[in-house]
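The model shown is predicted, which means the values in this text are computed figures rather than measured ones.
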Amino acid sequence: MITCIQNGKIVTGERVFEADILIQDGRIAKIGTGLTGEKNVDAGGCLVFPGFIDGHTHLDMPVSGTVTADNFKTGTEAALIGGTTMLIDFATQDQGGTLAEALRVWHGRADGNCACDYGFHMAVTDWNEQTRKELHEMAEAGITSFKAYYAYGGLMLDDCAMYDLLCEMHEIGGILGVHCENGPILEHLRAKALEAGCTGPEWHARTRPAVIEGEAVSRFLRIAELADAPAWIVHLSTEDGLGEIRAARARGQRVLVESCPQYLTLTEEVYERTGFEAAKYVCSPPIRPQSDQDALWKALEAGEIDILSTDHCSFNFKGQKEMGRTNFTEIPNGMPGLEHRPTVMYTAAVASGRISVSALCKMMAEIPAKMFGVWGQKGSLEVGKDADIVIYDPQADFTISADNQHHNCDYTPFEGFETKGSVRDVFLRGIHAVHAGELLETGRGQYVARDKMMG
């Protein structure tokens with residue numbers, strides 16, 4: 001069937017213009033005026049975006065003695081309803097295990113279960129000669145982005161391993177993202193808090209101060225400079241870390257920066273909530289003071305932040321977050337966000353007048369597609385590319401609530417957030433998959449093997 005999206009305002013990273021989009025065989029066949037198809041969808045008064053890409057999710061992931069509330073079915077369905085047509089999840093190597101085994105496990109969890117398209121980053125937790133060889137095999141399998149941790153026992157690498165890993169990135173044309181918190185120091189601070197009888201969820205943030213992030217960002221960037229490799233800072237949350245990034249860029253380094261909606265819309269006041277409610281906001285890095293949020297907004301407005309991802313890692317409050325009622329270090333770290341990222345950021349960033357709609361398109365579609373090696377088929381509305389298309393109605397306001405979300409989670413950190421508009425329709429490779437907030441099609445997601453990062 002030939003489908004035509006008519007009368008909409010097409011959004012690119014450079015401009016907005018009125019035109020029709022003709023879809024045939026899952027791809028964009030033509031863009032122009034006066035077009036018509038066998039099925040016509042009126043987008044009058046709406047913005048037409050390329051499908052959004054979320055480059056940072058954790059679905060069906062065992063962690064902290066439990067498993068994330070969202071698996072690949074529920075997570076990708078929520079993502080698609082919210083306008084995300086592709087996500088990239090983290091396949092994670094076990095200590096003593098191989099990258100190939102991790103990839104097999106993640107394919108087993110995702111294949112046949114996804115509503116939107118998907119790919120994998122590979123998280124490297126055990127650096128050895130076998131792992132070094134496997135990096136090249138991963139690149140051949142379409143995995144060109146990797147992750148390492150400076151925090152979390154069982155996951156973190158030391159500086160020597162980080163250097164060797166970055167040197168291999170240089171060899172294979174890959175990119176490495178790092179969770180930048182000084183793990184040994186924060187674990188020491190957490191232990192001291194517990195020894196002093198400080199067990200409540202508010203101590204999660206108090207034992208992870210901004211300098212913990214800034215120091216690790218600085219160290220990672222200096223090692224990347226030594227290895228002559230690009231660096232990807234995941235979920236930036238502080239002005240301290242931002243200052244280190246600016247210094248590295250001033251030295252001539254290529255640094256890709258990611259932040260998340262929670263760091264731009266919430267402040268550390270969430271940890272002052274009564275009872276155990278603060279546990280809902282236990283994520284790493286934690287939600288920061290207003291001063292850090294203000295610094296991130298200035299960086300966003302100046303184009304210093306490249307992509308906006310979610311770090312979606314959902315746990316139910318009842319039965320999962322409550323595991324840490326008597327010990328904040330046992331609260332599973334993470335929050336849901338996949339469904340709400342586009343609407344929250346359109347509201348907070350575009351409708352507020354802080355950035356243009358084209359700038360949002362860059363951060364949530366174009367740059368992720370280039371950064372993660374899918375620009376040849378996704379990330380923009382161009383003839384020949386996949387017909388991943390989002391129709392956004394700027395007049396269809398609603399209030400976000402756990403009662404109306406589609407995550408498999410009993411709360412949302414954005415409870416009560418009043419939006420400016422919402423996603424009306426979503427097309428996945430030409431399939432009309434979402435209308436008016438409801439799934440029309442599911443289970444149509446495909447694995448996407450990726451190329452090297454552009455540039």
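With rounding to the nearest 0.5 Å, the separation of CG in L308 from CE in M364 is 6.5 Å. Of the inter-residue distances, the one linking I305 atom CD1 with L300 atom CG reads 5.0 Å to the nearest 0.5 angstrom. Atom CD of residue Q293 and atom CG of residue L266 lie 7.5 Å apart, to the nearest 0.5 angstrom. Summarising the geometry, atom CG belonging to D70 is positioned 6.5 Å from atom CG belonging to L59; distances are rounded to the nearest 0.5 Å. Between atom CZ of residue F72 and atom CG of residue N113 there is a gap of 9.0 Å, rounded to the nearest 0.5 Å.
Under 3.5 Å, the side chains of T399 and E418 contain no donor-acceptor pair of N or O atoms. E14 and T12 share no side-chain donor-acceptor pair at under 3.5 Å. Using modelled atom types, one finds a donor on one side chain and an acceptor on the other under 3.5 Å when comparing S145 with R450. Side-chain contact of R288 with T267: a donor-acceptor pair under 3.5 Å is absent, judged by distance alone. Looking only at atom types and distance, the side chain of S284 has a donor-acceptor partner in the side chain of N333 under 3.5 Å away. The closest side-chain donor-acceptor pair between D54 and Y118, if any, does not fall under 3.5 angstrom. N182 and E215 are linked by a side-chain donor-acceptor pair at a separation below 3.5 angstrom, with hydrogens and angles left out of the test. For the residue pair D397 / T419, no side-chain donor-acceptor distance below 3.5 Å is found, with atom types taken as modelled. Between the side chains of D425 and H435, at least one donor-acceptor pair of N or O atoms lies under 3.5 Å. No donor-acceptor contact under 3.5 angstrom links the side chains of T238 and D292, judged on distance only. A donor and an acceptor atom, one from each side chain of D42 and N7, are located under 3.5 Å apart.
The number of heavy-atom neighbours closer than 6.0 Å to CD of E415, taken from other residues, nucleotides and ligands shown, is above 12. The environment of CD in E239 is sparse: at most 12 heavy-atom neighbours from other residues, nucleotides or ligands sit within 6.0 Å.
For H204 and F328, the ring centers sit 6.0 Å or farther from each other. Aromatic pair W232/F220: ring centres not closer than 6.0 Å. Residues H56 and H312 place their aromatic rings such that the two centres sit no closer than 6.0 Å.
Annotation: cation-pi pair R424/Y392 absent, no NZ/CZ under 6.0 Å from the ring centroid and within 45° of its normal. For the pair R354 and W297, the cation-pi test (distance below 6.0 Å, angle within 45°) is passed.
For D117 (side chain) and Q446 (main-chain N/O), a donor-acceptor pair under 3.5 Å exists by modelled atom type. In this structure, the side chain of T347 engages the main chain of K420 through a donor-acceptor pair within 3.5 Å. S401 places a side-chain N or O within 3.5 Å of a backbone atom of D403 that can act as its donor or acceptor partner. A donor-acceptor contact shorter than 3.5 Å is absent between the side chain of E181 and the backbone of I185. Checking side-chain atoms of R429 against main-chain N and O of R444 turns up a donor-acceptor pair under 3.5 Å. Between the side chain of E339 and the main chain of H406, a donor-acceptor pair closer than 3.5 Å is present. A donor-acceptor pair is defined here as one N or O able to donate and one able to accept, closer than 3.5 Å; such a pair exists between the side chain of T76 and the backbone of A115. A donor-acceptor contact shorter than 3.5 Å is absent between the side chain of Q93 and the backbone of M122. Within the 3.5 Å criterion, the main-chain N or O of D60 finds a donor-acceptor partner in the side chain of T68. Without hydrogens or angle criteria, Q320 side chain to N316 main chain gives a donor-acceptor distance under 3.5 Å.
When all heavy atoms of P261 and V344 are compared, the pair lying nearest together is CB-CG1, 4.2 Å. Pairing each heavy atom of L80 with each of V434, the nearest pair is O-CG2, 3.7 Å. For the pair V41 and K39, the tightest heavy-atom approach, listed with the atom from each and the gap, is CG2-CE, 4.1 Å. When all heavy atoms are compared, the tightest approach of C180 to A216 is C-CB, 3.5 Å. Shortest non-hydrogen contact noted between G214 and D240 is CA-OD1, 3.5 Å. Heavy atoms only, all atoms of each residue included: T36 and Q6 are closest at CA-NE2, 3.8 Å.
Within the 4.5 Å cutoff, the side chain of E258 has no heavy atoms near those of the L256 side chain. Contact of the Q24 side chain with the M1 side chain is not registered, since no non-hydrogen atoms from C-beta on lie closer than 4.5 Å. Looking at N408 and N71, their side chains never come closer than 4.5 Å, going by heavy atoms from C-beta outward. At least one side-chain heavy atom of P394 sits less than 4.5 Å from a side-chain heavy atom of Y346. For the pair E441/H432, no side-chain contact is recorded, criterion being any heavy-atom separation below 4.5 Å from C-beta on. A heavy-atom distance below 4.5 Å is not found between the side chains of V234 and D311. At least one side-chain heavy atom of D159 sits under 4.5 Å from a side-chain heavy atom of Y150. Between I143 and L103 there is a side-chain heavy-atom pair separated by less than 4.5 Å.
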Give the intermediate values and the outcome of salt bridge (Lys or Arg N to Asp or Glu O under 4.0 Å) for residues R249 and D306. CA-CA 13 Å; R249 285 174 166 170; D306 298 285; 3.0 Å; yes
Begin from the C-alpha positions of K298 and E301 and carry the test salt bridge (Lys or Arg N to Asp or Glu O under 4.0 Å) through to its verdict. CA-CA 5 Å; K298 289 178 182 177; E301 292 163 4; over 6 Å; no
Step by step, would you call D388 with K378 a salt bridge (Lys or Arg N to Asp or Glu O under 4.0 Å)? CA-CA 7 Å; D388 295 346; K378 298 183 183 293; 2.6 Å; yes
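For the pairing with K30, the side-chain contact (heavy atoms from CB on, under 4.5 Å) check across I21, I23, L35, I2 returns one residue only, L35. Checking H235, H121, H58 one by one against H179, the ring pair (Phe, Tyr, Trp, His ring centres under 6.0 Å) holds for a single residue, H235. When F90, Y447, F146, F372 are each tested for a ring pair (Phe, Tyr, Trp, His ring centres under 6.0 Å) with F120, only one passes: Y447.
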Pair up each side-chain donor or acceptor in residues 276-283 with any protein partner under 3.5 Å, not counting sequence neighbours, and list the distances.
| residue | atom | partner | partner atom | Å |
| --- | --- | --- | --- | --- |
| E277 | OE1 | K280 | NZ | 2.8 |
| Y281 | OH | R273 | NH1 | 3.0 |

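The aromatic rings of F414 and F417 sit perpendicular, their planes meeting at an angle over 60°, well past the 30° parallel limit.
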